[in-house]
Amino acid sequence: MDQSKEQRILNSVSYNAVKGDPESVINCIDKYCSQYEWAMNVGDEKGTILDKVVEEADPSVALELGTYCGYSAIRIARLLKPNTRLLTIEFNPEFASIAKEIIEIAGLSEKVTILEGHSEDIIPQLKKKYEVETLDFVFLDHWKERYAPDTILLEECGLLRKGSILLADNIIYPGAPEFIKYIRSNKRFECTSYPSHLEYMKVEDAMEKAVKDPGAAAMLF
Ligand SMILES: Nc1ncnc2c1ncn2CCCCCNC(=O)c1cc(-c2ccc(F)cc2)cc(O)c1O
Ligand SMILES: [Mg+2]
């Protein structure tokens with residue numbers, strides 16, 4: 001049976017990347033996906049925005065929705081401090097298994113836990129089953145029509161605190177209009193748009209940052 005594109009990405013990382021070096025894994029995936037086969041990794045241009053927001057959040061517990069091949073999980077986890085962790089939810093079992101191997105090659109398996117299943121099923125389990133109190137940072141990069149309902153679900157499950165930072169990919173392309181409508185009209189979130197481009201393409205895209213109750217967090221210190 002022919003290999004999948006995701007398996008070919010893993011082959012390229014396994015052959016070309018330096019084991020234990022997250023930067024070399026990131027560069028290898030970006031090189032492969034810009035030169036040979038486009039794939040829906042966040043990419044280097046939007047990845048730089050992701051890096052800056054992760055550094056701003058300096059999370060103890062981070063959540064990613066939509067692991068895919070693990071590219072953004074590696075970008076996030078490589079910036080995390082000791083004794084902090086990233087939980088990432090992936091619905092597609094093949095993607096989850098490929099991501100696990102690529103994250104292992106990057107040497108970040110200790111910091112990243114891949115949870116296989118639907119975000120709407122796993123989010124309600126985070127507190128009890130995965131010992132999460134609240135989430136400091138959430139990266140939304142799964143089905144675009146799930147961004148809004150899953151943000152509401154995170155709230156309902158008491159997983160967001162004052163100052164929790166959400167960052168959403170693909171606001172322009174493929175687009176997440178319901179999420180933008182919801183989050184920008186919600187007074188409890190302070191939103192910022194970061195114009196960019198679709199990964200590996202000249203197509204316009206953007207990321208949206210939403211900070212929960214920012215003022216309140218600031219008043220605490
Ligand atoms: N309920 C759940 N829970 C967890 N995972 C779940 C889920 N439900 C689904 N999934 C699994 C995620 C499915 C992939 C999500 N990402 C995308 O769909 C995506 C697509 C493009 C794209 C752009 C131009 C094109 F021409 C074609 C595609 C770019 C991106 O950056 C993307 O993130
Ligand atoms: Mg995306």
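Just so it is clear, the values below take in all heavy atoms, side chains as well, and ignore hydrogens, waters and symmetry mates. Remember, it's 1-based here, ligands and their atoms both numbered in the order they're listed.
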- Identify which of M201, E199, M40 has a heavy atom lying nearest to atom 31 (O) of ligand 1. E199
- Item | Test item: V112 and I76 side chains (from C-beta on) under 4.5 Å apart, heavy atoms | no
- Message: I'd like the atom name of the N/O/S atom in D141 lying closest to the Mg ion (ligand 2).
- Response: OD1
- Message: Ring centres under 6.0 Å, that's the criterion: do H142 and Y147 meet it?
- Response: yes
- Task: Measure from the side-chain N and O atoms of S72 to the backbone N and O of R75, and report whether any donor-acceptor pair falls under 3.5 Å.
- Result: no
- More than 12 heavy atoms from other groups under 6.0 Å of CD on E204: no
- Do any N or O atoms from the side chain of W38 and from the backbone of M201 form a donor-acceptor pair under 3.5 angstrom? no
- Would you say R146 and ligand 1 have an N/O pair spaced under 3.5 Å apart? no
- Parallel, tilted or perpendicular, as decided by the 30° and 60° cut-offs, for the rings of Y36 and Y32: tilted
- Looking only at protein heavy atoms, what sits closest to atom 25 (C) of ligand 1 is Y173 CE2, 3.8 Å
- Here the N/O/S atom of D169 closest to the Mg ion (ligand 2) would be OD2
- Message: Among all the protein's non-hydrogen atoms, which is closest to atom 28 (C) of ligand 1, and how far away is it?
- Response: W38 CH2, 3.8 Å
- Message: Assess the residue pair K144 and E178 against the criterion (salt bridge (charged side-chain N to carboxylate O under 4.0 Å, His left out)); give the C-alpha distance rounded to whole Å, side-chain angles, the decisive distance to 0.1 Å, and a yes or no.
- Response: CA-CA 9 Å; K144 309 314 159 194; E178 306 81 19; over 6 Å; no
- Message: Please check whether K46 reaches ligand 1 - meaning an N/O of the residue sits under 3.5 Å from an N/O of the ligand, judged on distance alone.
- Response: no
- Query: Is there a nitrogen or oxygen of D141 sitting under 3.5 Å from a nitrogen or oxygen of ligand 1?
  - Reply: yes
- Message: Below 4.0 Å, non-hydrogen atoms only: which portion of N92 touches ligand 1? Side chain, backbone, both or neither.
- Response: neither
- Give the atoms of ligand 1, by number and element, whose distance to some non-hydrogen atom of D169 is under 4.0 Å. 31 (O)
- Provide, to 0.1 Å, the distance between atom 32 (C) of ligand 1 and the closest protein heavy atom, together with that atom's residue and name. N170 OD1, 3.3 Å
- Task: Could you tell me whether some N/O pair between E90 and ligand 1 is separated by less than 3.5 angstrom?
- Result: no
- Over 12 non-hydrogen atoms of neighbours within 6.0 angstrom of CD in Q35: yes
- Message: Within the structure provided, determine whether N170 and D141 are in side-chain contact (heavy-atom separation under 4.5 Å).
- Response: yes
- Do any nitrogen or oxygen atoms of E120 lie less than 3.5 angstrom from nitrogen or oxygen atoms of ligand 1? yes
- Note on the structure: Taking every heavy atom of C191 against every heavy atom of E208, the minimum-distance pair comes out as CB-OE2, 3.3 Å
- Which of the atoms of ligand 1 are close to H118, meaning less than 4.0 Å from one of its heavy atoms? 1 (N), 2 (C), 3 (N)
- Note on the structure: Quick note on ligand 1: atoms under 4.0 Å from a heavy atom of L198 include exactly 23 (C), 24 (C)
- Query: Where the side chain of Y173 meets the backbone of V203, is there a donor-acceptor pair that is under 3.5 Å apart?
  - Reply: no
- Task: Look at N41 and state whether any of its N, O or S atoms is less than 2.8 Å from the Mg ion (ligand 2).
- Result: no
- Query: To which protein heavy atom is atom 3 (N) of ligand 1 closest, and what is the distance rounded to 0.1 Å?
  - Reply: S119 N, 2.8 Å
- Query: With atoms numbered from 1 as shown, which atoms in ligand 1 lie under 4.0 angstrom from a non-hydrogen atom of G117?
  - Reply: 3 (N), 4 (C)
- Message: With a cutoff of 4.0 Å, is G66 in contact with ligand 1, counting heavy atoms of the residue only?
- Response: no
- Task: Answer yes or no: are there more than 12 heavy-atom neighbours, outside Q3 itself, under 6.0 Å from its atom CD?
- Result: yes
- Message: For atom 9 (C) of ligand 1, what's the nearest protein heavy-atom neighbour? Residue, atom name and distance, please.
- Response: W143 CD2, 2.9 Å
- Query: Between K144 and ligand 1, does any nitrogen or oxygen pair lie at a separation below 3.5 Å?
  - Reply: yes
- Task: Could you tell me whether the side chains of D30 and Y200 share a donor-acceptor contact shorter than 3.5 Å?
- Result: yes
- For atom 7 (C) of ligand 1, the protein heavy atom that lies nearest, with its residue and separation: F91 CB, 3.8 Å
